[in-house]
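The figures here come from the full heavy-atom set of this structure, side chains too, leaving out hydrogens, waters and symmetry mates.
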Amino acid sequence: MRFTNALVRHPVLSQEQLVVMFLTVPTVSAGHPSAFLHLAKQSQELSVWRKQANLSVQEEFTGKPLPPDLEDSLPKTLPELSETVRSGVRRSAETYINLCTMMERLTRRNEGMAAEFLRFSQALGSLVEVSQDTYAVDTNDVPLLNEGLNSTARHLDQSKQLLEDEARGWEEGVLEDLKRQRDTLVSMRDMFDRRDKYARDNIPALERRIAGNETKLQNIRLKPAELIKPGEAEKVEDAISKVSASSPRLSSQEQKPPALPTQH
């Protein structure tokens, strides 16, 4: 639910066609007599729409050159500012994770206390039921005793209700707000981590993969024809092409698989 709410509030993603379709397709309660027919029709409509829709899963900035003046427009202190923000985001995320854990414990503790208050109240009620028998020798003060027990039980019932209301308010209000902020900060923290993982220069590793595949392709083509499996060489060539296409620098080098003569 938190993810859906964040998606609806997002200024860009909320306008995506898939998101709009997901949020606007009408639904019917499962207990409704026509629920099965409605869901079947809805599924059919979505299937038709998916076949007709032209959905692109390409990376947003693939093939788009960066503006030539982009680097000059960035502040000189951007790396230092980025590291400062990253450090603050990491510490804040850890704190919010702990706050969520503590608030959940407080909520469970309130619920546990409410349950104990209920059992205490019920135990007092059972004493009222046996007071007449317990003090049968002299029952003059039994009405006053029972009134005191009932009054205490009512007070405990009210306290139980207040504890349950407070726990529910924490869980549905404060805890949800803390979790939303926690999820936002954790997402930012993970974004910085992904940048470290994918922003490094991976050209040498890709070149080693290409060299390994070229060696493999060369060995395949040196085999006797009867030992070469159908499509084996083409599969390696396709792997080389995909690795080359994954990096603009490699693509610009126009590396191609070596054309070696096949021995018979």
Side-chain angles (χ1 to χ4, degrees), residues 1-32 34-36 38-39 42-43 45-46 49-50 53 55-57 59-61 78 81-122 153-199:
M1 182 59 70
R2 284 192 302 275
F3 175 78
T4 303
N5 288 333
L7 196 60
V8 171
R9 289 194 298 267
H10 198 282
V12 177
L13 296 179
S14 61
Q15 306 303 316
E16 285 288 331
Q17 190 179 14
L18 281 174
V19 176
V20 173
M21 282 292 296
F22 174 76
L23 295 175
T24 56
V25 169
T27 58
V28 168
S29 173
H32 194 278
S34 61
F36 179 77
H38 176 83
L39 291 175
Q42 175 183 325
S43 176
E45 290 175 353
L46 285 174
W49 175 80
R50 288 182 60 185
L55 303 177
S56 174
V57 293
E59 181 67 28
E60 181 179 359
F61 296 102
L78 183 60
L81 178 61
S82 177
E83 285 304 314
T84 301
V85 172
R86 181 178 187 176
S87 176
V89 165
R90 184 186 298 111
R91 295 198 302 270
S92 296
E94 292 173 355
T95 301
Y96 269 97
I97 290 172
N98 292 332
L99 285 173
C100 289
T101 302
M102 288 186 288
M103 182 54 67
E104 286 177 342
R105 284 205 300 261
L106 286 172
T107 301
R108 300 288 88 80
R109 189 175 302 165
N110 261 27
E111 293 173 348
M113 288 180 62
E116 290 296 332
F117 278 19
L118 175 61
R119 285 190 283 270
F120 205 108
S121 174
Q122 291 172 342
R154 287 194 298 269
H155 173 74
L156 290 172
D157 285 337
Q158 293 173 356
S159 298
K160 175 190 79 72
Q161 188 61 49
L162 289 174
L163 287 169
E164 289 177 344
D165 292 343
E166 188 175 43
R168 189 179 305 109
W170 286 348
E171 187 168 27
E172 297 177 358
V174 179
L175 183 57
E176 278 302 309
D177 291 342
L178 289 173
K179 286 183 176 180
R180 182 167 62 247
Q181 187 65 13
R182 175 203 63 185
D183 292 348
T184 301
L185 290 168
V186 169
S187 297
M188 285 294 298
R189 182 195 66 185
D190 292 347
M191 183 190 70
F192 280 113
D193 293 341
R194 287 195 301 273
R195 178 187 177 278
D196 285 348
K197 181 178 180 180
Y198 297 112

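Here the side chain of Thr95 pairs a donor or acceptor atom with the backbone of Arg91 at under 3.5 angstrom. At least one donor-acceptor pair under 3.5 Å links the side chain of Ser14 to the backbone N or O of His10. Thr107 contributes a side-chain N or O that, together with a main-chain N or O of Met103, makes up a donor-acceptor pair within less than 3.5 Å.
Taken from CG in Asp196 to CZ in Arg194, the straight-line distance is 11.5 Å, to the nearest 0.5 Å. The CD1 atom of Ile97 lies 5.0 Å from the CZ atom of Arg189; values are rounded to the nearest 0.5 Å. Annotation: the span from Leu118 atom CG to Gln161 atom CD amounts to 10.5 Å, rounded to 0.5 Å. The CE atom of Met188 lies 14.0 Å from the CG atom of Asp183; values are rounded to the nearest 0.5 Å. Here the CG atom belonging to Leu178 is positioned 10.5 Å from the OG1 atom belonging to Thr101, to the nearest 0.5 angstrom. Note: Gln181 CD to Cys100 SG = 10.0 Å, rounded to the nearest 0.5 Å.
Every residue was checked against the salt bridge (charged side-chain N to carboxylate O under 4.0 Å, His left out) condition with Arg195, not counting sequence neighbours, and none meets it. Listed by chain and number, the residues in a salt bridge (charged side-chain N to carboxylate O under 4.0 Å, His left out) with Glu172 amount to none (sequence neighbours excluded).
A salt bridge does not link Arg90 with Glu94: none of the charged nitrogens is closer than 4.0 Å to a carboxylate oxygen. A salt bridge links Arg180 with Asp177: at least one charged nitrogen is closer than 4.0 Å to a carboxylate oxygen. Using a 4.0 Å cut-off between charged side-chain N and carboxylate O, Arg86 and Asp193 make a salt bridge. In this structure, Glu171 does not pair ionically with Arg168, as no charged nitrogen and carboxylate oxygen lie closer than 4.0 Å.
Heavy-atom contacts from other residues, nucleotides or ligands closer than 6.0 Å to CZ of Phe192 number more than 12.
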Quick one: do Leu175 and Lys179 satisfy side chain to side chain contact (heavy atoms under 4.5 Å, CB included)? Show the steps, please. CA-CA 6 Å; Leu175 183 57; Lys179 286 183 176 180; 3.8 Å; yes
Does Arg108 form a salt bridge (charged side-chain N to carboxylate O under 4.0 Å, His left out) with Glu104? I'd like the steps, not just the answer. CA-CA 6 Å; Arg108 300 288 88 80; Glu104 286 177 342; over 6 Å; no
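The two residues Ser121 and Ala153 have their closest heavy-atom pair at OG-O, 3.2 Å.
Met102 places a side-chain heavy atom less than 4.5 Å from the side chain of Arg105.
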